[in-house]
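A note on names: the letters A, B, ... follow the listed sequences, proteins ahead of strands, and every chain is numbered from 1. Just so it is clear, the model here is predicted, and its values are computed rather than measured.
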Amino acid sequence: MSLATTYNPLDVEAKWYQRWQEMGFFKASPNPDKEPYTVVIPPPNVTGVLHMGHMLNNTIQDILVRRARMQGKEACWVPGTDHASIATEAKVVALLKEQGIEKKDLTREQFLAHAFAWKEKYGGIILEQLKQLGASCDWDRTRFTMEPDLTDAVLEVFVDLYNKGLIYRGVRMVNWDPQGGTALSDEEVLPKNVQAKMYYLRYEIVSAAGLTLKDADKQYITVATSRPETIMADVAVAVNPTDPRYQHLAGAKVRIPLLGREISVIFDAYVTADFGTGALKVTPAHDLNDYEIGLRHNLPVIDILNDDGSLNEKAQLYVGQDRFAARRNIVKDLEAAGLLVKVEEYASIVQTSERTQAVIEPKLSLQWFLKTEHLAKPALEVVENGTIQLHPPKFKNLYRSWMEQPRDWCISRQLWWGQQIPAYYLPDGSLVVARTAEAALTQARAKAGNENLQISDLRQDEDVLDTWFSSWLWPISVFDGFKDPENADIKYFYPTNDLVTAPEILFFWVARMIMAGLEFRGEVPFKNVYLTGIVRDAQGRKMSKSLGNSPDPLDLIRDYGADGVRTGMLFSSPAGNDLLFDMKLVEQGRNFSNKVWNAFRLVKGWEADAALPYAHGLAVDWFAARLAAATAELDEHFEKFRISDALLTVYKLVWDDFCALYLEMVKPAYQQPIDAATLQKTISFFETLLKLLHPFMPFITEELWHELAPRTGRDFVCVAPWPQRPAVADAAGLQTRMEWALGVVSGIRTIRNQKQLAPTKALVLLAKTTQPELLQTYGPLLRKLANLSGIQRTDTAPAAAVSFVHAGAEFFVLLEGQIDLGAERARLEKELEYAQGFKESVERKLSNEKFAANAKPDVLERERQKLADAEAKIAALEQALKSL
RNA sequence: GGGAGAUUAGCUCAGCUGGUUCAGAGCAUCUGCCUUACAAGCAGAGGGUCACUGGUUCGAACCCAGUAUCUCCCA
């Protein structure tokens, strides 16, 4: 047998993923004998490719799902994709443009045909990529938010909520991209730092109660604005009510420069007195804050812009000119008229379109809204009372702050890719809402009292629904809970158990799923929400395409193995904290795979000799105790969703306890056989470790599972039972005694290092101990781990020896001619000084009457023990010094 | 402007009910080793004013108040 000294994941991973699928391990169906465990994937964009965020998120889900499967639960992980209306439509538009086709030249049907064709071709690549990561989804359950059944669910819900009076149409300020001719969501708008100009304009005061108009200095109020071309849309000038400079303008009227229209001066606390001149022109149609001021003061709205960013007739001036041309021209004209006081440069932020880079125009438009107040209340309640737990819990505050004052949800989008809003307008402009055109017609005829109405007389609303309006139904719709509310799947798998997602969408998605779950099924959609952090680079920058700081996950998997990447990502990602990704992490993950691989190579090479007596009971019993303790610790971490800590627990168990200690203890000399009982125990430990590792590193563990022993049928680690935690007799004693022995080993090794002695040089240890039985029992182990040629008890300090003190006993390592007495004395004195200081501090504490009176008995007992230990140590050190 | 969270080793973070070891891990660093599983390794070592200032307490990284800095969310 010859096994490579380094583990090669490429050979292994594809093979096992295929075998798992062939065996149907990932398939889940309702099984009354098993407890269900359900996770629905946060559906990635159908046209997306795997990025580092997906890797983290899906690795965590897979770990949870694989562990649940091993625990004997009916583990169901539902995969799928999201139609992501904005992102996908943008991609399709861009693709068509490359082919010389403009969206505006297509009908809606033609465009959708292109989009579906594109989705068929490129959609779902990301799901294939997830398989390379090892994601154990039930692929037969793959869903898509725009497939017919899920679309039906969306329409049903829209109609239902409309009929409940929760959906309405209203005016809202949207981010309008004049170049793209569409509204954008806040996520598609990028703030850009620019050097902008602030124009100071004079508005003539035409009347004011407390003002003498003769006074030349007071005939104007100066207003600062960055957008002089919008003055034609002004409806007021606002000042802060506490601003002493403008108190006399109560009730005053001023005249818009050039235009001459009269508007009022109003007082509003929104205005900051020390910005600009403290006087703000109010233009409700073209600024969100102004719009809100307008609402407060009952001001009219004058919209002077066309959809393409040019000025319309309402502007009266510069009609037809682009907003930026109009700005240049009006500045010239204002200057000529002597109404421009000054122009200042200032650093500002403009909002731009992510796609067209055009400057966004805030625009008022008629949109569809969902009232959320009634839905939010119960959704807040279930998080407050712990029915749903957020991990880490700090997100509860954030959730509360949103849900206490929910804003209505704007659910319409001016796009084609998505579910078209099922609202139909009658010729008279009134509307009906229904799932189908036929149903709408029936309603419309009744409404209009006109039986002659035809479908062609109805016009369906052009807008589609926000993508979140389909994804909020995801935990229900993937199980056909709308189509068939009593079906076996939804009854068994819903509510789901855990949801793993990013905090950015806590409100967009998580909160809304909770609302939908409670509203449509009367039950929460999941019990735990695990919030991952954002994956950043080592400098803390968000990973992004434009920065080019994100490695390609598939390259990483190829170079480091899926197991290496999975563990690498988890080494540094406690829940809710951002993950600062560093190649060092995946290297560490790969090295860990390699460590496990080499441990296997070692054990695989051992030959059993049935004639040999069982020789390693100490090591075996100790490791059994360690294993039980670590398993308990691991389970506790999992229960608290401390996945990184869970990994670190297994990592240390495998690397430190199993490889560095246990295997070294039982390892036979080169080409010597091992006793059969120890080998059998070792293999059994190895199997347990593979099980514990499997959720984190599915591939290498499956490979080694099959290498370690012949396997038949369904004997895969993937479905092996999760290790129990057997009670080990005298576990604490075993550990304490082993720690004593390892302390001795450590003392000897330290001396080796200090004296620069080769590990191959065997040493002789002398011990002045009150526990000879320990020395006796652990002697063979000490010999092996510390490379000793002899161990003897002694009552006096030998001459040529270096000593150390451990557990109140003195140990000597014989070293002829290598003793520097001065250095030895200095080292011991330093240690003694330290021990004495420690002793004094404990004594001080113990002699404090209040401490003795108030401290709990176990604390007191611990302090007494510390004092006794310190005294023993001091005595031993003093002895050692004396004997030098 | 309002709110939330954070600040512990060079870096990333634990530290759970205030008291195990005058503060823990991983990585990094330094020293020595190619010791027959693994140099993707082994053995060791160093590294801390627990942001600062006060307070509560017999006792504070932990509780309280204030200050500073940073991050995020909302406006």
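- Here B:A25 is the nucleotide among B:A14, B:A43, B:A25 with the atom lying nearest to any side-chain atom of A:Lys652.
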Pairs under 3.5 angstrom, nitrogen or oxygen only, protein versus nucleotides 57-62 of chain B, please.
unit_1, atom_1, unit_2, atom_2, d
B:C58, O2', A:Asn848, ND2, 2.8

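- Aromatic rings from A:Tyr7 and A:Phe600 are positioned such that their centres are separated by 6.0 Å or more.
- Pairing partner, B:G24: B:C13, with both Watson-Crick or wobble hydrogen-bond distances short of 3.5 Å.
- OP1 or OP2 of B:U35 has not a single side-chain nitrogen or oxygen of A:Lys784 nearer than 4.0 Å.
- Side-chain atoms of A:Asp268 and A:His297 include a donor-acceptor pair closer than 3.5 Å.
- Comparing the same atom, C1', in B:U31 and in B:C72 gives a spacing of 43 Å after rounding to whole Å.
- An OP1 or OP2 oxygen of B:A37 is reached within less than 4.0 angstrom by a side-chain nitrogen or oxygen of A:Lys667.
- Residue contacts shown for A:Trp597 are absent, as no nucleic acid heavy atom lies under 4.0 Å away.
- For A:Phe658 and A:Phe686, the distance between ring centers is under 6.0 angstrom.
- The closest donor-acceptor contact from the side chain of A:Thr688 to the backbone of A:Ser684 lies under 3.5 Å.
- Here the separation of B:G47 from B:A4, taken at their C1' atoms, is 34 Å to the nearest Å.
- Nucleotide B:C72 is matched to B:G3 when pairs are restricted to Watson-Crick or G-U wobble geometry with both distances under 3.5 angstrom.
- Across the strands present, B:C62 finds no partner; the criterion is a Watson-Crick or G-U wobble pair with both atom distances under 3.5 angstrom.
- Side-chain atoms of A:Arg601 and A:Glu707, non-hydrogen and from C-beta on, never get closer than 4.5 Å to each other.
- Taking side-chain N and O atoms only, A:Arg752 has no distance below 4.0 Å to OP1 or OP2 of B:A43.
- The partner of B:A43 is B:U31, by the rule that a Watson-Crick or G-U pair needs both atom distances under 3.5 Å.
- Figure legend. B:C50 is base-paired to no nucleotide; pairs are counted as Watson-Crick or G-U wobble with both atom distances under 3.5 Å.
- For A:Gln672, the CD atom sits in a packed shell: over 12 heavy atoms of surrounding residues, nucleotides or ligands are nearer than 6.0 Å.
- Counting any heavy atom pair closer than 4.0 Å across all strands shown, A:Phe600 reaches no nucleic acid atom.
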